[in-house]
Amino acid sequence: MRSTTVANLFMQKKVLLTSVCRPLGPEYGDAPSVGYELLYRQVLRAQGIFSPRTVNIHFGLEYIAENLDVPTVVLQYPSKRELIKELKKGYDYVGVSFLMAVMHKMKEVVALIRKHSPNSKIVLGGYGTILKDEVLKPYGDYICREEGVAFFRRLLGEPEIPMPYKHPLIVSWLKLFGIKVSGTGKIFAGLGCPNGCDFCCTSHFFSRKHIKLLPTGRDIYAVAERYLDLDPSLVFLILDEDFLLNKKRAMEFRDCVMKGGKKLSIFAFSSIKAISQYTVEEILEMGIDGFWIGYEGTRSNYAKQQGRPIAEILTEFREHGLTVLTSMIVGFDYQTPEVVAEELAGLMKLKPALAQFLIYGPVPGTPFHERVIKENLLHDIYTTDKDLFYRRADGFRTMMKHPTLSPEQIEDMQRWCFEQDFQRLGPSIYRVLEARLLGYQKLKDSPNPILRAKAEYYATELRVAYPVFLVGRLLGPNAAVGRWIGDLEQRIHAELGRPAFGESFKSVLAVGAAFWTALTLKLNWFQHPKLIRTTYRLPEEQWSGFEMWEGLQRKVASPDFSIQVELQHAKQQVWMRLEGAISARHAEGLAHRLSESLARSRNQLVLDLKKLHWDKATDLKPLREKLAEYRSRIRVVLPKLAAAHPEVILVAGMFHHYHG
């Protein structure tokens, strides 16, 4: 059986999905914001050592790979040598994900594919494919300009599958001064946006349509639960252009969160128009305590800005502990240096925790680009040199002619906005903590138990952050900010208590870590991620038997009992959830099939028993006895009341507990 399955896998088509190659960054000829990190390279670019660091992978590649039937490998930021090594293994299709600003890097990858794997068909994908066929056809056999799973399954001749698709569990780790501080689980809720702002590539790429990858609030909550099974300390990022716009789905999600009773911390993208449909209490009850909101400009008049006054919303959010990242645009026709200064001053009064400032840019495929071309507003250098246009299209270059401002003036204003944000309000990490403090004070005595639980969460975050204040007082951008950080520290201590000796000692270590961070930045040390290679359905010594494991859920299911099998490719482990009522007979049959699967593979198995129940203590005995010889490869997740059941105590004693 196993040899037949493996042989079938080898006969199938093989797919390689890859990002462009490292190294990336302006020091390698790329645009200023090009790199692996949104925060350090773009949003917090003026904050240096105070910017949290996290690598943003091309998660769409992992999502597509999870939902294909054929053997697939995903490479995140390979070097050219690593890509060549992989190409020599032979692939029928190679997909390349890219943005317009790294089109020159995409060309390099395509050249390597054609040289080292000439029989491979090349598929181009990502928002770089907003460019026309005449530009891209020389580099790809196929171009994906739609939702990627459906496209690839159709290309490979695989049957269509309904949404919600399988959702991969992708965690990114946030570091501060080189120290890991939190993990974020990515929830892929939707693609596209109906708002249709004239500059927005992601909206017009999908023709102003919203594709619900997770159609219901229950679907979204189910993914959050899976992440919490993996690691209860994770926070979440919901990837959906305007998550709160669909009120029915959002409120269903809120109902699930309230019923589930789990503490969630979620950052989401939303508009003033969408947010205005809710009270702040309803938003907090969803678990949301952070937003990315488009401030754009005071006279930009986009439809998404209609609703409650933004000053009212941002003030209320800050008072309730919500972290807000605002994005402002520089270079609108109506703007002058005085207008930009006025708009920035208005934004600074609202004290956003983070702020981004990008230049109004004409991205192909958007109405703004059409207008720029029609009115001949593109600067001549970009009209004659399209490659330069693509390379500089990152929001930090002035591409079009402005009624009153030169390119240099607009770019200087952008730099000034970033610097003023840092100098006036200080590092964002302390702005987040101040919002959390205000939220704790606001919610700690709330009659709503969910809001009191959120206050407790804020307090935990604040206490963990005690060691960062000394760094801010010593190394902040100016004396006024240093005094503000010291005052904030005292206010937090007044609420939550003085630091213990260990926390004070960590403060000193944090200063050393900050100086080390500054040195690595100056010398460009350790600024590039290592290759992340993930295999899907590729028969390997330690990771195989995919069809065998997935077949279990069909063979063992009954009206009262079911199992769900999840192949966690990145961790190379099988996660099996047992749900419903299990009898001794069911346990006997399941144990037999599990022992067969373990014997025919070398996979690690996580048995999730949280939603399992039984009538007699002895019902689990067959499961324990038949799996005893595989105890080194099995971890268990136990129900909360495990201590009340003798047989579960025996199971717990035999197998290690899963801790993420």
### Task
Run the numbers on E241 and K304 for salt bridge (charged side-chain N to carboxylate O under 4.0 Å, His left out), then give the verdict.
CA-CA 11 Å; E241 293 289 322; K304 69 178 183 181; over 6 Å; no
### Message
Do S428 and F50 make a side-chain contact, defined as non-hydrogen atoms from C-beta onward lying under 4.5 Å apart?
### Response
no
#### Entry: Contact summary for T323 and A353, nearest pair of heavy atoms
CG2-CB, 3.7 Å
### Query
Just wondering, are more than 12 heavy atoms of other shown residues or ligands nearer than 6.0 Å to CZ in F515?
no
### Summary
Residues F98 and M103: closest non-hydrogen pair is CD1-CA, 4.2 Å
### Query
To the nearest 0.5 Å, how far apart are CZ in R391 and NZ in K105?
8.0 Å
### Query
For atom NZ of K107, is the number of surrounding heavy atoms from other residues, nucleotides or ligands below 6.0 Å larger than 12?
yes
### Query
With side chains defined as the heavy atoms from C-beta onward, is the minimum distance between I288 and F243 less than 4.5 Å?
yes
### Message
For K132, I'd like to know if atom NZ has over 12 heavy atoms of other residues, nucleotides or ligands within 6.0 Å.
### Response
no
### Query
Is it true that the NZ or CZ of K14 lies under 6.0 Å from the centre of Y91's six-membered ring and within 45 degrees of the ring axis?
yes
### K115 versus P118, closest heavy-atom pair with distance
O-CD, 4.0 Å
### Message
Before you tell me yes or no, could you show the steps for I293 and L314 under side chain to side chain contact (heavy atoms under 4.5 Å, CB included), namely the whole-Å CA-CA distance, both residues' side-chain angles and the distance that decides it to 0.1 Å?
### Response
CA-CA 9 Å; I293 298 174; L314 265 60; 4.1 Å; yes
### Query
Which atom names give the shortest non-hydrogen contact between F389 and P362, and what distance separates them?
CZ-O, 3.4 Å
### Task
Would you check if Y430 and V481 make a side-chain contact, meaning some heavy-atom pair closer than 4.5 Å?
no
### Task
Evaluate the side-chain proximity of V340 to C417: yes if any heavy-atom separation is below 4.5 Å, no if none is.
yes
### Query
Which is it for F332 and F199 under the ring pair (Phe, Tyr, Trp, His ring centres under 6.0 Å) test, yes or no, and what are the steps along the way?
CA-CA 11 Å; F332 283 125; F199 61 86; 7.4 Å; no
### Task
Please report the C-alpha distance between L174 and T184 in whole Å, then the side-chain angles of each, then the deciding distance to 0.1 Å, and finally whether the side chain to side chain contact (heavy atoms under 4.5 Å, CB included) criterion is met.
CA-CA 8 Å; L174 194 73; T184 301; 5.5 Å; no
### E82 and K530 ion-paired at < 4.0 Å
no
### Summary
The reported gap from CG in L531 to CZ in R81 (rounded to nearest 0.5 angstrom) is 13.0 Å
### Message
Main chain of A341, side chain of Q420: is a donor-acceptor contact present, judged purely on distance under 3.5 Å?
### Response
no
### Query
What's the shortest heavy-atom distance between F177 and A510, and which atoms?
CD1-O, 4.2 Å
### Query
Is the count of non-hydrogen atoms from other residues, nucleotides or ligands lying under 6.0 Å from K209 atom NZ greater than 12?
no
## Note on the structure
Interatomic distance, CD@Q335 vs CD@E343, rounded to 0.5 Å, equals 5.0 Å
### Query
Is the F317 ring parallel, tilted or perpendicular to the F291 ring (thresholds 30°, 60°)?
parallel
### Whether W516 and F526 hold their rings parallel, tilted or perpendicular, with breakpoints at 30° and 60°
tilted
### Task
State, with a plain yes or no, whether a side-chain heavy atom of E147 is found less than 4.5 Å away from one of Y165.
yes
### Query
Mind checking whether R431 and E434 have side chains closer than 4.5 Å, heavy atoms only?
no
## Note on the structure
Output for pair (L325 CG, S327 OG), nearest 0.5 Å, gives 7.0 Å
### Query
Is the side chain of S203 donor-acceptor paired with the backbone N or O of G196 at a distance under 3.5 Å, no angle test?
yes
### Side-chain heavy atoms of Q305 within contact of E296, under 4.5 Å
yes
#### Entry: Over 12 foreign heavy atoms within 6.0 Å of NZ, K85
no
### Message
What I want to check is whether the side chains of Y40 and Q527 have a donor and an acceptor closer together than 3.5 Å.
### Response
no
#### Entry: Side-chain donor or acceptor of Y227 paired with backbone N/O of K186 under 3.5 Å
yes
### Query
Judged by atom type as modelled, is there a donor-acceptor pair below 3.5 Å linking the side chain of Y390 to the main-chain atoms of G128?
no
### 4.5 Å side-chain heavy-atom contact, D394 and Q42
no
### Query
So, for Y360 and F368, is the gap between ring centers shorter than 6.0 Å?
yes
### Task
Heavy atoms only: give me the nearest N56-L38 pair and the separation to one decimal.
OD1-N, 2.9 Å
### Task
Could you give me the CA-CA distance, side-chain angles and deciding distance for L24 and Y77, then say whether side chain to side chain contact (heavy atoms under 4.5 Å, CB included) is met?
CA-CA 9 Å; L24 297 173; Y77 304 121; 4.0 Å; yes
### Message
Rounded to the nearest 0.5 Å, what separates atom CG in L75 from atom CD1 in I532?
### Response
10.5 Å
#### Entry: Side-chain (T129) to main-chain (C144) donor-acceptor, under 3.5 angstrom
yes
### Under 3.5 Å donor-acceptor, S120 side chain and Y93 backbone
no
### Polar side-chain atom of R114 near backbone of I122 as donor-acceptor pair, under 3.5 Å
no
### Query
Under the salt bridge (charged side-chain N to carboxylate O under 4.0 Å, His left out) rule, what pairs show up with a residue in residues 404-419, not counting sequence neighbours?
D412-R415
### Task
Find the distance between CD1 (I238) and CD1 (I220) and round it off to the nearest 0.5 Å.
5.5 Å
### Task
Report yes or no: do Y36 and R22 form a side-chain donor-acceptor pair below 3.5 Å?
no
### Task
Could you note down all residue pairs passing salt bridge (charged side-chain N to carboxylate O under 4.0 Å, His left out) where residues 36-64 supplies at least one of them, sequence neighbours left out?
E27-R41, E37-R53
### Query
Do the side chain of S19 and the main chain of Q76 share a donor and acceptor less than 3.5 angstrom apart?
no
### Query
Is a salt bridge present between R145 and D133, judged by a nitrogen-to-oxygen distance below 4.0 Å?
yes
### Expected output: side-chain S51 to main-chain Q47 donor-acceptor under 3.5 Å
no
### Task
Check the side chains of S97 and H58 for a donor-acceptor pair under 3.5 angstrom, ignoring hydrogens and angles.
yes
### Query
Would you call the rings of F396 and F418 parallel, tilted or perpendicular if under 30° counts as parallel and over 60° as perpendicular?
parallel
### Name of the residue among R371, K401, R299 meeting salt bridge (Lys or Arg N to Asp or Glu O under 4.0 Å) with D333
R371
### Message
Apply side chain to side chain contact (heavy atoms under 4.5 Å, CB included) to residues E342 and T298 and explain how you reach the verdict.
### Response
CA-CA 10 Å; E342 180 184 329; T298 56; 5.9 Å; no
### Message
I need the single residue from N246, N195, D242, D240 that forms a side chain to side chain donor-acceptor pair (under 3.5 Å) with H210. Which is it?
### Response
D240
